[in-house]
2 protein chains.
Amino acid sequence: MKLAQMKTVEDAAPGVAHGCMDDELGFHLRRSQVAAFKHFGQTVTAAEGITPGLYGMLQVIANNSGLTQSALAEAMDVDRSSIVKVVNQLEDKRLIVRDASPTDRRSYCLRLTSFGRNELARIEQAVTAQDREFSKALSEAERHTLIGLLKRLYK
Amino acid sequence: MKLAQMKTVEDAAPGVAHGCMDDELGFHLRRSQVAAFKHFGQTVTAAEGITPGLYGMLQVIANNSGLTQSALAEAMDVDRSSIVKVVNQLEDKRLIVRDASPTDRRSYCLRLTSFGRNELARIEQAVTAQDREFSKALSEAERHTLIGLLKRLYK
DNA sequence: CAGGATTGTTTGCCTGGTCAACAATTATCC
DNA sequence: GGATAATTGTTGACCAGGCAAACAATCCTG
């Protein structure tokens, strides 16, 4: 507990105790997610220039072609106003378009461009590779167990 | 009657497909963490007025009494300058103090006040209750399995 | 003792989220 | 049919929480 001893240790937080947080799921959830985010940034974002958030949006648009910005907001559990910037970014990158809705002149139908489809196909490979690399400490069976447990958390 | 807006809200994204993200660990990690954060906010933060971040800092200080702000920054994997605001907040709430270090006049030794100890004890109960409530879909064995798998991810 | 590290702090900036307001449009109800 | 309510996208103000650079005070090293 002496300061002098703590300062001599120089690795990333080796000696700090976390108390009862060691048995709290939320704590480990947060740490894992931060680590995953960092790993994504060092690989996919560095190579493809796309953030986890943008990638998620792109996937949802790709798999629900023609959906509305409000629907996207609801699917992402985020405010409608937050969607605007993201859609702008994706449109600026020529990955998606705001198509006019044939039935509602207020809303847009979000769709991938053909360029966006090609890009996504490439990025997808990078992301799945990154995901497997990130979880390389786990066997494939353990990885699926983990995903299954996580799914049950937010259902 | 506004029946038109009875779109299921608790289940984010009722009909949206996620494509290959359904098999990506990072995706589920993020969703789980967001859900955990939200749950924390609706229970602990609403009742005790403390955020997950502040709670984590408080726990690390409590379990490593006398540690330096730089040590705290390293333990939290965050910039030194980010620590300042947090320590200010905790000090404003009279939960911790910046003690003068006996060996280094540049740095402070962070310690809980006795009030802070009492508060933390109470908050701890709320947090562990919240954590168990959040993971109520899992058995105790599954919860520990999950924590074990998560630990191996960021080690 | 001189010069280089370290500590806490301030400042500025970015990202990503909320909220309130608003015009255009659509839906509802009498 | 027409008044009224609800929805859609957008903007602007705001806030939390990160980083990076600069800085004075203090330590450490040679």
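So that the names make sense, note that chain A is the first sequence line, chain B the second, and so on, each numbered from 1.
- Spacing between atom CG of A:D79 and atom P of D:dT10 amounts to 13 Å, rounded to whole angstrom units.
- The existence of a salt bridge linking A:E74 and A:R80 is excluded, since no basic side-chain nitrogen approaches an acidic carboxylate oxygen closer than 4.0 Å.
- Against DNA chain C, the stretch residues 80-88 of chain A makes heavy-atom approaches under 4.0 Å through A:S81, A:S82, A:K85.
- In this model, the phosphate group of C:dT9 is approached by a side-chain N or O of B:Q69 to a distance below 4.0 Å at OP1 or OP2.
- Using cut-offs of 30° and 60° for the angle between ring planes, the B:Y154 and A:H28 rings count as parallel.
- B:K38 places its NZ atom 11 Å from the C1' atom of C:dT18, with the value rounded to the nearest Å.
- A distance of 11.0 Å separates CZ in A:F134 from CZ in A:R143, rounded to the nearest 0.5 Å.
- In this structure, B:Q33 atom CD and D:dG17 atom C1' are separated by 13 Å, rounded to whole Å.
- Distance CD (B:Q89) to C1' (D:dA16): 9 Å, rounded to an integer number of Å.
- Counting only N and O atoms by type, the side chains of B:Q130 and B:H39 include a donor and acceptor under 3.5 Å apart.
- Salt bridge B:K38/A:D77: present, at least one basic N to carboxylate O contact under 4.0 Å.
- With rounding to the nearest 0.5 angstrom, the CZ atom of A:R122 is 10.0 Å from the CD1 atom of A:I50.
- Atom CG of A:L54 and atom CD of A:Q89 lie 5.0 Å apart (nearest 0.5 Å).
- Within residues 97-107 of chain A, the residues that place at least one heavy atom under 4.0 Å from DNA chain C are, in residue-number order, A:D104, A:R105, A:R106.
- Mapped onto DNA chain D by nearest heavy atom, A:R30 and A:S70 fall at different nucleotides, with A:S70 at the one closer to the 5' end.
- Using a cut-off of 4.0 Å between Lys/Arg side-chain N and Asp/Glu carboxylate O, B:E119 and B:R94 are scored as not salt-bridged.
- Rounded to an integer number of Å, the gap from CE of B:M57 to P of D:dA16 is 15 Å.
- Rounded to an integer number of Å, the gap from B:E74 CD to C:dA5 C1' is 15 Å.
- Of the charged side-chain nitrogens involved, at least one lies within less than 4.0 Å of a carboxylate oxygen, so that A:D23 and B:R132 count as a salt-bridged pair.
- Per the geometry, OH belonging to A:Y55 stands 22 Å off P belonging to C:dT15, to the nearest Å.
- Taking atom CE on A:M76 and atom P on D:dG9, their separation rounds to 15 Å, with Å as the unit.
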